[in-house]
K.L.:
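Supplied in structure tokens, the structure appears directly below.
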Amino acid sequence: MTFRPPQSLRSFGLTGNGVNVLEYELMAERADALGRNGLKVEKAIAALNAFNSNRHPPSERERLLDEAADAVWAFVIEREICGLRDSRDAVRRYGIPKEVMARVGIVRKR
């Protein structure tokens with residue numbers, strides 16, 4: 001079985017040899033990984049926003065903040081791997097609170 005990229009990619013020079021086919025596959029995998037990390041950020045931010053301080057102890061909110069910060073950190077790293085260096089747009093799009101951004105990159109004892 002042979003692999004043939006979509007015709008729309010001919011203009012980008014992604015056809016012709018095996019190296020270009022490999023680049024196409026790597027680009028697809030990077031995009032998929034970025035999407036998965038974006039979903040993790042959405043889920044973590046939603047859990048943080050749904051937190052009710054009347055029903056849960058403050059330590060629960062701290063845990064949610066830490067989890068959100070870890071998800072955002074992984075997302076930012078994945079964006080940089082994909083060549084997207086500026087994360088300000090992603091912070092606005094996902095509605096990431098400043099509290100979470102202040103914790104991004106902090107390594108905590110488990």
Side-chain angles (χ1 to χ4, degrees):
M1 183 167 132
T2 60
F3 173 78
R4 193 175 112 211
Q7 297 295 322
S8 63
L9 295 178
R10 285 193 185 272
S11 62
F12 295 114
L14 291 177
T15 60
N17 62 31
V19 174
N20 290 336
V21 171
L22 178 61
E23 277 298 316
Y24 174 77
E25 290 293 322
L26 288 172
M27 285 182 352
E29 185 57 37
R30 284 185 206 120
D32 187 48
L34 185 60
R36 285 191 310 267
N37 278 317
L39 290 174
K40 289 177 184 177
V41 169
E42 287 177 356
K43 183 178 174 184
I45 297 299
L48 184 60
N49 290 337
F51 176 77
N52 184 343
S53 61
N54 294 332
R55 290 203 258 174
H56 299 90
S59 61
E60 179 70 15
R61 186 167 194 283
E62 291 294 316
R63 185 186 65 77
L64 291 172
L65 281 168
D66 290 343
E67 287 178 3
D70 290 345
V72 170
W73 191 17
F75 179 66
V76 168
I77 290 170
E78 192 65 44
R79 282 179 54 87
E80 289 182 5
I81 289 170
C82 293
L84 304 169
R85 304 282 185 245
D86 188 5
S87 296
R88 289 178 289 191
D89 180 54
V91 170
R92 280 190 302 271
R93 285 180 187 265
Y94 287 94
I96 301 170
K98 290 180 182 179
E99 281 181 293
V100 173
M101 289 305 295
R103 292 173 183 241
V104 168
I106 296 174
V107 178
R108 291 167 295 281
K109 291 183 180 179
R110 302 265 176 193

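We're numbering straight along the sequence, starting at 1.
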K.L.:
Just verifying a value: how many Å separate R63 CZ and L65 CG, rounded to the nearest 0.5 Å?
P.N.:
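The distance works out to 10.5 Å.
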
K.L.:
Between R103 and E62, does any NZ, NE, NH1 or NH2 come within less than 4.0 Å of an OD or OE carboxylate oxygen?
P.N.:
yes

K.L.:
Out of curiosity, does V104 fall in the hydrophobic cluster containing V107 (side-chain heavy atoms, cut-off under 4.5 Å, transitive links)?
P.N.:
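Yes: a chain of side-chain contacts under 4.5 Å links V107 to V104.
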
K.L.:
Look only at the side chain of R85 and the backbone of E80, and say whether a donor-acceptor pair between them is shorter than 3.5 Å.
P.N.:
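Between the backbone of E80 and the side chain of R85 there is a qualifying donor-acceptor contact (under 3.5 Å).
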
K.L.:
Check E29, E42, E78 against R36 for a salt bridge (charged side-chain N to carboxylate O under 4.0 Å, His left out) and give me the one that passes.
P.N.:
E29

K.L.:
Do D70 and R108 meet the salt-bridge criterion of a basic N to acidic O distance under 4.0 Å?
P.N.:
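Answer for the salt bridge query: yes.
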
K.L.:
Do I96 and L39 belong together in a cluster built from hydrophobic side chains that touch within less than 4.5 Å?
P.N.:
no

K.L.:
Between A68 and I45, which heavy-atom pair has the shortest distance, and what is it?
P.N.:
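Closest approach of A68 to I45, heavy atoms only: CB-CD1, 4.2 Å.
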
K.L.:
With heavy-atom distances below 4.5 Å as the criterion, would you say the side chains of R61 and E99 are in contact?
P.N.:
yes

K.L.:
Is there side-chain contact between R30 and L34, with at least one heavy-atom pair below 4.5 Å?
P.N.:
no

K.L.:
Do M27 and L84 sit in one hydrophobic cluster, given that two such residues count as connected whenever their side-chain heavy atoms are within less than 4.5 Å of each other, even indirectly?
P.N.:
no

K.L.:
Test side chain to side chain contact (heavy atoms under 4.5 Å, CB included) on I77 and I81 and set out the steps.
P.N.:
CA-CA 6 Å; I77 290 170; I81 289 170; 4.1 Å; yes

K.L.:
Which class fits the ring pair F75 and Y94: parallel under 30°, tilted 30 to 60°, perpendicular over 60°?
P.N.:
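Perpendicular, since the angle between the ring planes exceeds 60°.
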
K.L.:
How long is the span from the CG atom in L64 to the NE2 atom in H56, to the nearest 0.5 Å?
P.N.:
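These two atoms lie 8.5 Å from each other.
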
K.L.:
Working note: K40 + K43, criterion side chain to side chain contact (heavy atoms under 4.5 Å, CB included); need CA distance, chi angles, decisive distance, verdict.
P.N.:
CA-CA 5 Å; K40 289 177 184 177; K43 183 178 174 184; 5.7 Å; no

